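Single-structure report; data block below.
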Amino acid sequence: MLAKSLAWWVPVLLLGVWNGAAHAVQIDPIAQLVHQARFGEASSAIEARLARNATDPTALAASVDVRIARDEPDDLPQARAAAERCVHANPDSSACAEALGNVMLAQSRAGGLFAFVRNAHATRDTLERAIRFDPMNYRARVTLMGFYLDAPFFLGGSEVRARELATEARRLDPDLTRLMRALCAFDEGKLDEAEQHILAADLTQYELVQGSQRELLLTLASAHLDAGHYAQSGRLFEELSRRLPSSEHGPYGLAQVARAQGRLAEAALQLERAAAIAPRPYVYKTLGEVHEARHDRPRAIAAYQAALAGIPPLARREQKQVTAHLAQLKRR
């Protein structure tokens with residue numbers, strides 16, 4: 001389920017600090033750099049702030065988020081050490097408690113079921129402390145909700161508590177509540193209800209929670225596409241494109257809808273839009289397939305070559321598929 005998979009990723013997606021004013025978000029500059037994947041700049045800013053105050057909770061928490069987001073070898077042990085240092089120096093800090101919860105989730109993701117079982121209760125308790133220290137820390141609230149939905153009851157999971165978290169947020173911000181209720185509804189398989197909640201949520205002022213919005217709209221639209229409900233799928237992909245114009249997923253999804261209906265010229269145009277937003281290898285791979293289906297050999301070759309040269313690289317199986325298509329096209 002989406003809510004379950006999001007439980008692992010929300011710590012990276014939700015890096016904002018809400019200041020309590022209606023429809024207003026105050027984002028720490030370092031957190032914004034991390035969110036934008038500007039890790040070099042974020043690391044420099046963290047070092048500068050820690051040089052002024054070696055126990056600054058925001059800087060220490062951001063250093064944890066950088067290591068989690070980079071996901072390089074040996075990053076997680078260092079992230080865990082930084083999070084524990086943050087908590088030790090700032091025992092009442094919501095940001096530090098959240099950072100420790102985030103790295104526990106990352107370690108569970110990396111270590112599989114055994115790591116999840118080992119970390120489950122500590123993760124729950126740590127994220128609960130983050131909310132207790134700052135009830136308006138919505139990034140921690142949504143992460144904890146994801147944990148409640150993902151974990152079995154004997155490891156601290158609770159669908160009832162997940163819905164309570166959303167209800168508690170309603171007094172302060174109804175739009176974030178709608179997002180949380182949408183995730184709960186999707187977890188229960190209530191796709192229509194999830195769609196209603198997410199479409200009613202106005203998250204334009206909440207840049208750093210839009211990753212959850214994107215994933216939910218993407219999954220709902222894809223479910224309609226898989227079921228052959230092309231009009232509904234197209235409508236949701238259009239909404240995704242309108243709400244998040246900096247994401248390639250809207251036009252990419254519209255291309256998939258057009259392709260499924262045999263409208264290959266339109267699919268190619270939408271894929272070119274997606275590639276202009278984010279030149280991802282998977283976009284070029286699909287563009288190559290569409291051009292090949294249209295018997296446009298030069299454009300298909302160019303798209304496949306871009307797919308093989310892109311970063312991050314395609315999975316090995318997909319690389320083999322693209323290489324085979326490319327070789328076949330070049331022999332013609």
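Note that the structure is a prediction, hence the values are computed from the model and not measured.
Here Ala227 pairs with His229 under the side-chain contact (heavy atoms from CB on, under 4.5 Å) rule; sequence neighbours left out. Checked against side chain to side chain donor-acceptor pair (under 3.5 Å), Ser241 has the following partners two or more places apart in sequence or in another chain: Arg273. Under the ring pair (Phe, Tyr, Trp, His ring centres under 6.0 Å) criterion, Tyr148 pairs with no residue at all, not counting sequence neighbours. Residues forming a side chain to side chain donor-acceptor pair (under 3.5 Å) with Ser63 (at least two apart in sequence, or on another chain): none.
Residues Leu179 and Ser212 meet the side-chain proximity criterion, which asks for heavy atoms closer than 4.5 Å. Thr167 is not listed as a side-chain neighbour of Thr177, based on a closest heavy-atom distance of 4.5 Å or more. Glu98 has its side chain out of reach of Thr126: every pair of non-hydrogen atoms, C-beta onward, lies at least 4.5 Å apart. Looking at heavy atoms from C-beta onward, Arg161 lies out of side-chain contact with Leu144 at the 4.5 angstrom threshold. At least one side-chain heavy atom of Leu220 sits less than 4.5 Å from a side-chain heavy atom of Phe186. Between Arg259 and Gln270 the shortest side-chain heavy-atom distance does not fall below 4.5 Å. Residues Leu76 and Arg67 fail the side-chain proximity criterion, which asks for heavy atoms closer than 4.5 Å. Within the 4.5 Å cutoff, the side chain of Cys184 has no heavy atoms near those of the Glu159 side chain.
A donor-acceptor pair is defined here as one N or O able to donate and one able to accept, closer than 3.5 Å; no such pair exists between the side chain of Asn90 and the backbone of Ser93. At distances below 3.5 Å, at least one donor-acceptor pair connects side-chain atoms of Arg297 with backbone N or O atoms of Leu329. Distance alone, capped at 3.5 Å, places no donor-acceptor pair between the Asp187 side chain and the Leu183 backbone. For the pair Asp75 (side chain) and Glu72 (backbone), a donor-acceptor distance under 3.5 Å is present. Looking at Arg214, its side chain never comes within 3.5 Å of a backbone N or O of Ser247 through a donor-acceptor pair.
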Let me see the working for Arg243 and Glu239 under salt bridge (charged side-chain N to carboxylate O under 4.0 Å, His left out), right down to the final yes or no. CA-CA 6 Å; Arg243 292 188 180 204; Glu239 187 68 20; 2.7 Å; yes

Trace of the salt bridge (charged side-chain N to carboxylate O under 4.0 Å, His left out) decision for Asp28 with Arg49: CA-CA 12 Å; Asp28 184 275; Arg49 193 175 294 184; 3.1 Å; yes

Quick one, Leu236 with Leu199, criterion side chain to side chain contact (heavy atoms under 4.5 Å, CB included). Give me CA distance, side-chain angles, the key distance, then yes/no. CA-CA 9 Å; Leu236 287 178; Leu199 291 178; 4.1 Å; yes

Tyr282/Tyr252 under ring pair (Phe, Tyr, Trp, His ring centres under 6.0 Å): CA gap, chis, key distance, verdict: CA-CA 10 Å; Tyr282 78 91; Tyr252 183 83; 4.9 Å; yes

Tell me, with the steps shown, if Arg163 and Glu188 meet salt bridge (charged side-chain N to carboxylate O under 4.0 Å, His left out). CA-CA 11 Å; Arg163 287 194 171 275; Glu188 295 173 1; 3.0 Å; yes

Would you please test Asn53 and Thr55 for side chain to side chain donor-acceptor pair (under 3.5 Å) and show each step? CA-CA 6 Å; Asn53 177 4; Thr55 61; 3.2 Å; yes

Chi angles and distances behind the salt bridge (charged side-chain N to carboxylate O under 4.0 Å, His left out) call for Arg242, Glu238: CA-CA 6 Å; Arg242 183 186 69 79; Glu238 284 279 8; over 6 Å; no

Between Val257 and Arg263, is a side chain to side chain contact (heavy atoms under 4.5 Å, CB included) present by the stated rule, with each step listed? CA-CA 9 Å; Val257 173; Arg263 296 181 281 114; 4.2 Å; yes

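Here the closest non-hydrogen pair linking Tyr284 and Ala303 is CB-O, 3.4 Å. The heavy-atom pair separating Pro281 from Pro312 by the smallest distance is CG-O, 3.0 Å. In terms of heavy-atom proximity, Val103 sits nearest to Ala79 at CG2-CB, 3.6 Å.
With rounding to the nearest 0.5 angstrom, the NE2 atom of His224 is 10.0 Å from the CZ atom of Phe237. If you take CG on Asp92 and CZ on Arg132, they are separated by 10.0 Å, rounding to the nearest 0.5 Å. To the nearest 0.5 Å, atoms CG (Leu33) and CG (Asp65) are separated by 12.5 Å. Taking CD from Glu292 and CG from Leu326, the interatomic distance works out to 9.5 Å, rounded to the nearest 0.5 Å. A distance of 12.0 Å separates CG in Leu269 from CG in Leu254, rounded to the nearest 0.5 Å.
Side-chain contact of Asn137 with Ser94: a donor-acceptor pair under 3.5 Å is present, judged by distance alone.
Residues in residues 226-237 take part in these salt bridge (Lys or Arg N to Asp or Glu O under 4.0 Å) pairs, two or more places apart or across chains: Glu195-Arg235. Identified under the ring pair (Phe, Tyr, Trp, His ring centres under 6.0 Å) test for residues 300-329, with sequence neighbours left out: Tyr304-His325.
Remark: Arg80 engages Glu84 in a salt bridge, criterion side-chain N to carboxylate O under 4.0 Å.
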